[in-house]
Amino acid sequence: MGAQQVREGFAELYGAEPEGVWAAPGRVNLIGEHTDYNDGFVMPFALPHTALAAVSRRTDGVLRLHSADVEGSVVELRTEDLVPESDKGWTAYPAGVVWALREAGHAVTGADVHLASTVPAGAGLSSSAALEVVVALALNDLYELGLKGWQLARLCQRAENVYVGAPVGIMDQTASACCTDGHALFLDTRDLSQKQIPFDLAAEGMRLLVVDTQVKHEHSTGEYGKRRAGCEKGAALLGVDALRDIPYGELDAALERLGDEEEVRRLVRHVVTEDARVERVVALLESGDTRAIGPVLAEGHASLRDDFRVSCPELDLVVDTALAAGALGARMTGGGFGGSAIVLAEATDVDTLTKAVEEAFAAAGFTAPRVFEAVPSPGARRIA
């Protein structure tokens, strides 16, 4: 669905043309998983798949929401009645953004919103963040709030943490708001400093495949929260503000200090080594040794599987099958418990690898995966 279709859908629903149409992408995280809420390093890039929003302002305190992707009529809310965790449906994401903007002191007096998205939901590709960011950017433009991308990301994170009730970090919203075409975003989640790292695999004869396992995950369920609480416990036991403060060279000593806290030890080991992996990938890309990031991706998957324990049989099957079939590297991406894996491959091996994964899923009796190429794409923007 393109800008014109979303514009026409808006006009049909609300009887007038929208004031504009905006787009915000989903993301793939190249490396740096479960590090963002530990003040660590991440490296996402934006996908060509986007959430689109046709939006107009209102002055009467009414918020009307509709999605082309969800059955049902327009949902009408009042801005003054928005209360955290009062909504368990899809409307919590855009409504949460309005709540967060108003709570921060921005005079958002209502809106008519029509949404559509090509970001696969539940695939670990940040469909919810794209939904939040596209609404935030539209309201920022229409109400002339003057907020920068990183500020919109912060507000969207607050919307998801407090209004939706999902304990997510800052990466997904920042990626959607701030990524640029042809680059991966090296983000320090503590101070939100950013560096755009050129990432043009096609020019080097490579491709990055996303394999959506079709296993749906849900961030606001308990397992994600348990991992976050365990990381916070580890930081407290080690006397640091966040696990990011444990130097990689001091990891063994830190693990010793945790004694018999085996679960916490595993979580700490993953976060500290994952931060180091992000820095290794940045160094390799900046030196032009792109193929060498493959083994680092595979290391990251092993850590997420064995230490953080957020993988699942389908994700492991993608990674194991792809590596056995000659992939340069592979790992799960996103929060885990389902979702997607990424596969770094020579361009000439794409068909062979895709077939190998599809056949492995069929042999295991799993639902057929969805495989597509991930191309670093622009971040959120007005498109009409």
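Source: prediction; values computed, not measured. Values below: every heavy atom of this structure, side chains too, minus hydrogens, waters and symmetry copies.
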Looking only at heavy atoms, which two atoms of Ser127 and Pro120 are closest? And how far apart?
CB-O, 4.0 Å
Could you point out which residue of Arg57, Arg58, Arg64 forms a salt bridge (charged side-chain N to carboxylate O under 4.0 Å, His left out) with Asp60?
Arg58
Using 30° and 60° as the class limits, which term best fits the ring planes of His270 and His34: parallel, tilted or perpendicular?
perpendicular
Residues Gln157 and Glu132: side-chain donor-acceptor under 3.5 angstrom
no
Do Glu346 and Arg291 meet the salt-bridge criterion of a basic N to acidic O distance under 4.0 Å?
yes
Under the 3.5 angstrom rule, does the side chain of Asn38 hit a backbone N or O of Gly40 as a donor-acceptor pair?
no
Arg244/Asp188 salt bridge by N-O under 4.0 Å criterion
yes
Evaluate Lys233 against Glu261 for side chain to side chain contact (heavy atoms under 4.5 Å, CB included), listing each step before the verdict.
CA-CA 10 Å; Lys233 180 179 179 180; Glu261 292 275 0; 3.2 Å; yes
Measure the shortest side-chain to side-chain distance between Gln194 and Thr174 over non-hydrogen atoms and say whether it is less than 4.5 angstrom.
yes
Which heavy atom of Thr321 sits nearest a heavy atom of Ala356, and at what distance?
CG2-O, 3.5 Å
Distance-minimising heavy-atom pair for Ile293 and Leu344
CG1-CD2, 3.7 Å
Hydrophobic cluster membership, Ile170 vs Phe41, 4.5 Å side-chain cutoff
no
Dump the intermediate steps for side chain to side chain contact (heavy atoms under 4.5 Å, CB included) on Arg277 and Ser303, then the final yes or no.
CA-CA 11 Å; Arg277 280 186 284 272; Ser303 182; 3.2 Å; yes
Is the closest side-chain donor-acceptor distance between Thr180 and Gln196 under 3.5 Å?
yes
Do Phe372 and His49 have their ring centres less than 6.0 Å from each other?
yes
For the residue pair Asp200 and His183, confirm or rule out a side-chain donor-acceptor distance under 3.5 Å.
no
Is a salt bridge present between Asp141 and Arg382, judged by a nitrogen-to-oxygen distance below 4.0 Å?
no
Could you give the distance from CG (Leu304) to CD (Glu33), rounded to the nearest 0.5 Å?
6.0 Å
Is it true that a side-chain atom of Arg227 and a backbone atom of Glu223 form a donor plus acceptor pair closer than 3.5 Å?
yes
Would you mind reporting whether Met332 and Val318 have side-chain heavy atoms less than 4.5 Å apart?
no
Basic-acidic side-chain contact under 4.0 Å: Arg280, Glu299:
yes
Presence of salt bridge, Asp39 and Arg190, under 4.0 angstrom
yes
Return yes when atom CD of Glu256 has more than 12 non-hydrogen atoms of other residues, nucleotides or ligands closer than 6.0 Å, and no otherwise.
no
Any sub-3.5 Å donor-acceptor pair from Thr213's side-chain atoms to Gly339's backbone N or O?
yes
Under the 3.5 angstrom rule, does the side chain of Arg228 hit a backbone N or O of Pro167 as a donor-acceptor pair?
yes
Donor + acceptor pair across side chains of Glu274, Thr35 (<3.5 Å):
no
Gap between atom CG of Leu323 and atom CZ of Arg331 - 0.5 Å precision:
13.0 Å
I'd like to know if Glu286 and Lys195 make a salt bridge, using a cut-off of under 4.0 Å between side-chain N and carboxylate O.
yes
I'd like to check Val62 versus Glu76 (side-chain heavy atoms, cut-off strictly below 4.5 Å). Are they in contact?
yes
Does this structure show an ion pair linking Glu263 with Arg309, if we count only N-O contacts that are shorter than 4.0 Å?
no
The reported gap from CG in Leu147 to CG in Leu137 (rounded to nearest 0.5 angstrom) is 10.0 Å
Answer yes or no: is there a donor N or O on one side and an acceptor on the other, between the side chain of His106 and the main chain of Leu139, under 3.5 Å?
no
Check whether any side-chain N or O of Ser56 sits under 3.5 Å from a backbone N or O of Glu19 as a donor-acceptor pair, and report yes or no.
yes
Compute the ring centroids of Tyr224 and Tyr37, then answer whether they are less than 6.0 Å apart.
yes
Restricting to non-hydrogen atoms, name the atom on Ala54 and the atom on Val21 that form the minimum distance, rounded to 0.1 Å.
CB-CG2, 4.1 Å
Donor-acceptor side-chain pairing of Ser193 and Asp191 below 3.5 angstrom:
yes
Among the clusters formed by ILVMFWY side chains lying less than 4.5 Å apart, do Phe10 and Leu63 turn up in the same one?
no
In this structure, CD1 of Ile383 is separated from CG of Leu52 (nearest 0.5 Å) by 5.0 Å
Locate the shortest heavy-atom distance separating Asp36 from Met171; write the atom from each residue and the value.
OD2-N, 3.2 Å
Are the side chains of Asp172 and Asn29 in touch, meaning some heavy atoms are under 4.5 Å apart?
no
Within this structure, what is the CG-CD distance for the pair Leu155 and Glu103, rounded to the nearest 0.5 Å?
9.0 Å
Which atom pair, heavy atoms only, marks the closest approach of Tyr14 to Val113?
OH-O, 2.8 Å
Spell out, as yes or no, whether a donor-acceptor pair under 3.5 Å connects the side chain of Thr333 to the backbone of Val28.
no
Salt bridge present between Arg269 and Asp306 (N-O < 4.0 angstrom):
no
Tell me every residue that passes ring pair (Phe, Tyr, Trp, His ring centres under 6.0 Å) with Phe366, counting only those two or more places apart in sequence or in another chain.
Phe361
Residues Glu358 and Lys355 bridged, charged N to O under 4.0 Å:
no
Roughly how far, to the nearest 0.5 Å, is SG of Cys231 from CG of Leu243?
5.5 Å
Are Ile246 and Leu237 in one and the same hydrophobic cluster, where Ile, Leu, Val, Met, Phe, Trp and Tyr link if side-chain heavy atoms are under 4.5 Å apart?
yes
Between Leu297 and Leu187, is there a shared hydrophobic cluster once you connect ILVMFWY residues whose side-chain heavy atoms come closer than 4.5 Å?
no
Does Ser176 use its side chain to pair, donor to acceptor, with the backbone of Val133 at less than 3.5 Å?
no
Would you please test Ser340 and Val211 for side chain to side chain contact (heavy atoms under 4.5 Å, CB included) and show each step?
CA-CA 5 Å; Ser340 299; Val211 182; over 6 Å; no
Just so I know, are the side chains of Leu353 and Val343 near enough to count as touching, which here means a heavy-atom distance under 4.5 Å?
yes
Answer yes or no: is there a side-chain heavy-atom contact under 4.5 Å between Tyr93 and Val164?
yes
Measuring only between side-chain heavy atoms, which start at C-beta, is Ser377 closer than 4.5 Å to Phe45?
no
Identify whether Val75 and Val134 are in the same connected component of the hydrophobic contact network (ILVMFWY, side-chain heavy atoms under 4.5 Å).
yes
Sub-4.5 Å side-chain heavy-atom contact between Asp181 and Pro376
no
